[in-house]
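Scroll down for the structure; my scribbles are underneath it.
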Amino acid sequence: MSDVLLKDEHKMIQQTAREFAQKEVALYAAECDREAKFPKSGIQKCAELGFMGIAVPEQYGGSGLDYFSYVLVLEEIAAVCASTAVIVSVNNSLVCTPLKTFGNEWQKKTFLTPLARGEKLGCFCLSEPNAGSDAGNQQTIALKKGDEYILSGTKNFITNGPQADTAIVFAVTDKSNPKKRISAFIVDMHSQGVEVGKVEKKMGIKGSGCSQIIFNDVKVSKENLLGEEGEGFKVALHTLDGGRIGIGTQAVGIARGAFEAARNYAKERIQFGKPISEFQAIQWILADMATTIDAARLLVYRATELEDRGLRYTKEAAMAKLFASETAMKVTTNAIQVYGGYGYSKEYPVERFFRDAKITEIYEGTSEVQRMVIAGQILR
Ligand SMILES: Cc1cc2nc3c(=O)[nH]c(=O)nc-3n(C[C@H](O)[C@H](O)[C@H](O)COP(=O)(O)OP(=O)(O)OC[C@H]3O[C@@H](n4cnc5c(N)ncnc54)[C@H](O)[C@@H]3O)c2cc1C
């Protein structure tokens with residue numbers, strides 16, 4: 001959809017996010033990648049702008065906007081800094097959304113409100129060393145003892161893990177019941193027994209923290225059970241549908257950032273006495289980039305519209321994430337091609353976009369998992 005088709009309120013939020021991204025995030029994006037440094041000031045500014053809980057009602061500290069607004073904001077940030085985008089995406093999609101959807105009033109007031117205001121940061125602890133694509137194979141245990149659960153186990157690759165204050169954690173509560181064995185918990189990351197394990201050294205999105213989180217007999221009150229006991233997998237799958245819209249958007253943003261850089265470069269770079277943008281080979285690369293990015297964005301918008309209307313969108317979110325992430329990989333690869341040797345250098349941003357794009361094909365379900373989800377839906 002072209003920007004001119006957006007409603008006025010959406011144009012306004014998009015403009016606010018664009019100015020923030022281009023004037024402030026752009027100043028630190030390369031450094032936060034180079035130094036693998038968490039963009040603290042950028043996230044603080046996101047909190048001030050209301051970007052940490054965009055689709056959360058105002059009564060719970062959010063901006064009270066729709067999911068579409070969230071997608072518009074996220075694309076602007078991702079087009080400049082994919083690290084900042086994933087930190088914002090995890091807080092919004094993977095932490096605020098399940099609290100908003102499955103939390104009771106006390107949980108919303110206590111946990112959702114500071115997260116949506118950006119006073120606290122959230123993380124989502126599903127993956128484990130032996131539960132990646134096979135997320136149902138959870139080994140983390142939550143043993144009930146009186147009014148508490150005792151949580152023990154190790155979570156892998158947790159975005160925001162080193163910085164987070166609050167976690168949504170999935171654990172087995174009933175080993176005997178394969179269908180209702182997993183429950184979701186809200187865990188204070190400063191509780192005794194919570195340990196930040198190995199911090200990953202990553203290929204891309206280097207400014208976002210990512211680590212193992214180890215739960216050493218952590219006491220969690222039964223008040224912190226999110227949803228019903230045994231319904232944790234439902235919470236996880238529902239959350240990941242919304243999360244995939246976020247990652248699809250991140251991919252669209254990364255692709256757009258790389259495309260815009262390549263287009264501008266092509267107009268300036270002179271070879272054989274003229275700008276390389278005058279060669280048809282380069283024009284076709286740029287035309288294909290622009291077309292696939294728009295197609296990816298439209299798939300994201302379709303899933304988002306379904307979310308905003310309260311309809312199911314499992315298939316649409318998987319399609320959006322699959323297509324957008326593969327588009328991001330192709331576009332960033334070709335952006336390097338347009339830059340030639342300079343694209344391979346860290347002097348220019350396309351090499352960072354290329355490294356950042358790859359993760360969008362992996363987290364919140366690999367491309368193979370998205371195809372499994374889509375096939376499951378179309379063959380029902
Ligand atoms: C930087 C980063 C951040 C992350 N952030 C988070 C986070 O915040 N929270 C969280 O819970 N997790 C997070 N993850 C984990 C991520 O979601 C998993 O890495 C992902 O789901 C894949 O799991 P895996 O790495 O164990 O790969 P595996 O599941 O071992 O997959 C390996 C390969 O086998 C393929 N495969 C597996 N099963 C099948 C099958 N049935 N059919 C066909 N192919 C298959 C996969 O597609 C993949 O190509 C993050 C990961 C990374 C790298």
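Because only heavy atoms are used, hydrogens play no part in the values below, and waters and symmetry mates are left out as well, while side chains stay in. We count ligands from 1, going down the list as the structure has it; atoms in each ligand are counted the same way. For reference, positions follow the sequence shown, starting with 1. Computed from a predicted model, the values in this text were never measured in an experiment.
- Between Tyr67 and Glu307, the side chains place no donor N or O within less than 3.5 Å of an acceptor N or O (distance only, hydrogens not considered).
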| task | Kindly indicate, with the supporting measurements, whether the criterion salt bridge (charged side-chain N to carboxylate O under 4.0 Å, His left out) is fulfilled by Lys202 and Glu200. | result | CA-CA 6 Å; Lys202 307 191 294 321; Glu200 299 296 336; over 6 Å; no
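- Residues Phe323 and Val300 fail the side-chain proximity criterion, which asks for heavy atoms closer than 4.5 Å.
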Side chains of residues 50-65: which donor-acceptor pairs under 3.5 Å do they make with residues two or more places apart or in other chains?
residue : atom : partner : partner atom : Å
Tyr60   : OH   : Glu105  : OE1          : 2.7
Tyr60   : OH   : Glu105  : OE2          : 3.0
Ser63   : OG   : Gly50   : O            : 2.7

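- Judged as a ring-ring contact (aromatic ring centres under 6.0 Å, His included), not a single pair has a partner in residues 353-380 (not counting sequence neighbours).
- The list of side chain to side chain donor-acceptor pair (under 3.5 Å) pairs with a residue in residues 216-243, not counting sequence neighbours, reads Tyr149-Glu229, Glu195-Asn216, Glu231-Lys234, Asp241-Thr314.
- Protein residues are said to neighbour a ligand when one of their heavy atoms lies under 4.0 Å from it; for ligand 1 these are Phe124, Leu126, Ser127, Gly132, Ser133, Phe157, Ile158, Thr159, Lys202, Cys210, Ile359, Ile362, Tyr363, Glu364, Thr366, Glu368, Met372.
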